[in-house]
Amino acid sequence: MLAAVLLTPFLATTPAQAAVVNGVTLNRFEAGVLDGINDQRAARGLSRLVAASGTTDVARRWAAHMAFRGAISHNPAIYGDVSSAGSANWHFLAENVGYGAASSPAALVSAYMNSAPHRANILDPRAHYVGVGAADGVVSGYSMAFNTLDFVDSYSSSYGVTREPADAMPYDGGVVSSTRTLASFEQSWDPRLRTLTYGEDLFPYGIGYSGPSSADDSARITVRALSTVTTGTVDLLMRLPLDLRQARALRFTLASVTPSGQPVTVQLLVGNRGSLVPLGSVSTSSASRVVTLSLPAAAKRFNDQIRVRVYGGALGGLLSARTVTVRVYQVDAVV
């Protein structure tokens with residue numbers, strides 16, 4: 001198996017202005033890479049790099065792009081991407097991209113350090129901030145971590161918190177060996193959630209949360225069909241590191257709200273990027289419902305996402321107002 005495959009990095013310069021950096025929540029692989037490159041810098045008397053939220057968003061999007069393609073390349077839009085993600089006044093910018101065994105961030109750091117141009121970027125004293133992105137992909141049948149490191153010398157905290165959640169990867173957790181709650185949404189924001197829209201006639205209003213409160217809280221997505229004939233879908237996607245080889249089912253607590261009070265059917269899926277396994281379709285209404293769906297053999301493996309899918313056909317054909325809000329209260333793995 002390949003330890004790492006690396007592409008020659010690049011660097012550039014322009015005027016700079018330093019600023020404060022917000023904290024960033026990294027997945028375990030990203031954290032391992034950051035620790036590794038900072039250890040290399042500290043051993044040489046260099047300052048440790050600070051993970052920047054906006055630069056990490058840029059790095060994560062590009063890592064996900066490479067993982068989807070199964071090949072590495074540099075981000076051709078990095079100048080504009082980094083400039084609009086908190087580093088408008090950068091003066092030093094460099095990028096490393098590569099992939100390595102998904103089980104070992106240390107092996108990827110070692111490969112970077114054994115490549116002169118990648119090592120030069122990691123050890124450049126002009127770098128003060130870094131964006132770290134890692135995404136799970138497959139190369140020649142092996143699970144690989146695709147990684148992007150974006151180095152900058154200037155960053156502004158006005159960008160705010162990360163907007164691109166960390167990818168869930170095999171390195172993030174072990175086998176689900178006992179029945180446990182995977183997500184319960186008792187806070188006001190969960191960085192593991194995002195929406196995906198397929199089809200031009202559907203409009204998702206984004207993800208909302210009912211918590212925190214003393215009641216059973218939920219994450220919700222509101223979808224509107226823009227025409228009466230709609231074939232697209234909108235997914236509420238939860239990024240979770242799930243090795244389900246010992247689990248027998250997933251249990252969902254769901255509800256939906258429509259202007260007319262009609263029930264809405266949603267589909268529940270589990271899988272990896274580009275390889276989803278349908279678990280089944282369930283009818284939801286304003287009263288929360290607990291449904292347990294058995295896991296087929298194809299789902300008894302590592303998965304990095306769970307999806308709740310809303311079909312546009314149901315909105316256009318059944319609902320006079322063509323709008324539905326789907327609520328997810330809890331997701332459990334049942335062993």
Side-chain angles (χ1 to χ4, degrees), residues 57 60-61 64-65 67-68 135-137 162-169 182-185 189-210 218-227 229-242 244 250-258 263-285 288-289 291 293 295-296 298-299 301-319 322-333:
D57 279 349
R60 282 177 176 165
R61 284 192 292 268
H65 169 81
F68 181 79
D136 186 42
T162 49
R163 304 165 192 175
E164 186 69 27
D167 210 34
M169 303 180 67
L182 303 175
S184 60
F185 313 113
W189 180 68
D190 191 321
R192 300 172 298 177
L193 300 188
R194 65 178 296 182
T195 60
L196 289 176
T197 304
Y198 303 92
E200 298 180 354
D201 294 330
L202 293 176
F203 179 76
Y205 288 90
I207 300 169
Y209 302 89
S210 60
S218 65
R220 67 181 183 273
I221 180 174
T222 298
V223 181
R224 177 171 175 78
L226 303 180
S227 68
V229 181
T230 306
T231 58
T233 61
V234 174
D235 289 357
L236 175 62
L237 185 153
M238 291 172 265
R239 291 184 174 179
L240 300 165
L242 300 168
L244 296 173
L250 289 181
R251 183 170 59 221
F252 298 83
T253 305
L254 305 162
S256 65
V257 178
T258 64
V264 172
T265 298
V266 298
Q267 187 180 32
L268 304 171
L269 309 97
V270 65
N272 291 302
R273 184 182 292 107
S275 179
L276 293 171
V277 179
L279 301 181
S281 298
V282 298
S283 178
T284 60
S285 64
S288 63
R289 175 187 178 188
V291 57
L293 298 175
L295 291 171
R301 52 180 170 81
F302 175 79
N303 303 273
D304 64 13
Q305 57 187 256
I306 294 173
R307 298 195 191 193
V308 179
R309 176 165 290 176
V310 180
Y311 283 93
L315 302 185
L318 296 177
L319 306 177
R322 302 196 298 275
T323 301
V324 61
T325 297
V326 175
R327 298 181 181 272
V328 181
Y329 291 88
Q330 189 160 309
V331 181
D332 304 300

* To do: Given side chain to side chain contact (heavy atoms under 4.5 Å, CB included), test L202 with V223 step by step and report yes or no.
  => CA-CA 7 Å; L202 293 176; V223 181; 4.3 Å; yes
Any chance you could measure [X], atom [atom1], to [Y], atom [atom2], to the nearest 0.5 Å?
X: S256; Y: I221; atom1: OG; atom2: CD1; value: 13.0 Å
X: D190; Y: R239; atom1: CG; atom2: CZ; value: 12.0 Å
X: L244; Y: L250; atom1: CG; atom2: CG; value: 5.5 Å
X: F68; Y: D136; atom1: CZ; atom2: CG; value: 14.0 Å
X: L182; Y: F252; atom1: CG; atom2: CZ; value: 8.5 Å
X: L269; Y: S275; atom1: CG; atom2: OG; value: 11.0 Å

* **Steps toward side chain to side chain contact (heavy atoms under 4.5 Å, CB included) verdict (R322, R224)** => CA-CA 6 Å; R322 302 196 298 275; R224 177 171 175 78; 4.0 Å; yes
Can you find a heavy atom in the side chain of [X] that is under 4.5 Å from one in the side chain of [Y]?
X: D304; Y: L240; answer: no
X: L276; Y: R307; answer: yes
X: L268; Y: V308; answer: yes
X: F185; Y: I207; answer: no

* Checking T162 side chain against D57 main chain: does a donor-acceptor pair fall under 3.5 Å? -> no
* Please answer whether the main-chain N or O of S218 pairs with a side-chain N or O of S210 as donor and acceptor at a distance below 3.5 Å. => yes
Could you tell me which non-hydrogen atom of [X] sits nearest to which non-hydrogen atom of [Y], and how far apart they are?
X: P296; Y: V277; value: CG-CG1, 3.5 Å
X: S281; Y: T265; value: CB-CG2, 3.8 Å
X: R289; Y: S283; value: NH1-O, 2.9 Å
X: T253; Y: S288; value: CG2-CB, 4.3 Å
X: A168; Y: F302; value: O-CZ, 4.0 Å
X: R301; Y: G271; value: NH2-CA, 4.3 Å

* To do: Evaluate side chain to side chain contact (heavy atoms under 4.5 Å, CB included) for V257 paired with V324, printing each intermediate quantity in order.
  => CA-CA 6 Å; V257 178; V324 61; over 6 Å; no
* To do: Would you please test V328 and L236 for side chain to side chain contact (heavy atoms under 4.5 Å, CB included) and show each step?
  => CA-CA 9 Å; V328 181; L236 175 62; 3.8 Å; yes
* D235 and side-chain hydrogen bond (donor to acceptor under 3.5 Å, both in side chains): which partner among Q267, Q305, R194, R309? -> R309
* Asked: Under 3.5 Å, is there a donor-acceptor pair linking the side chains of T325 and R220?
  -> no
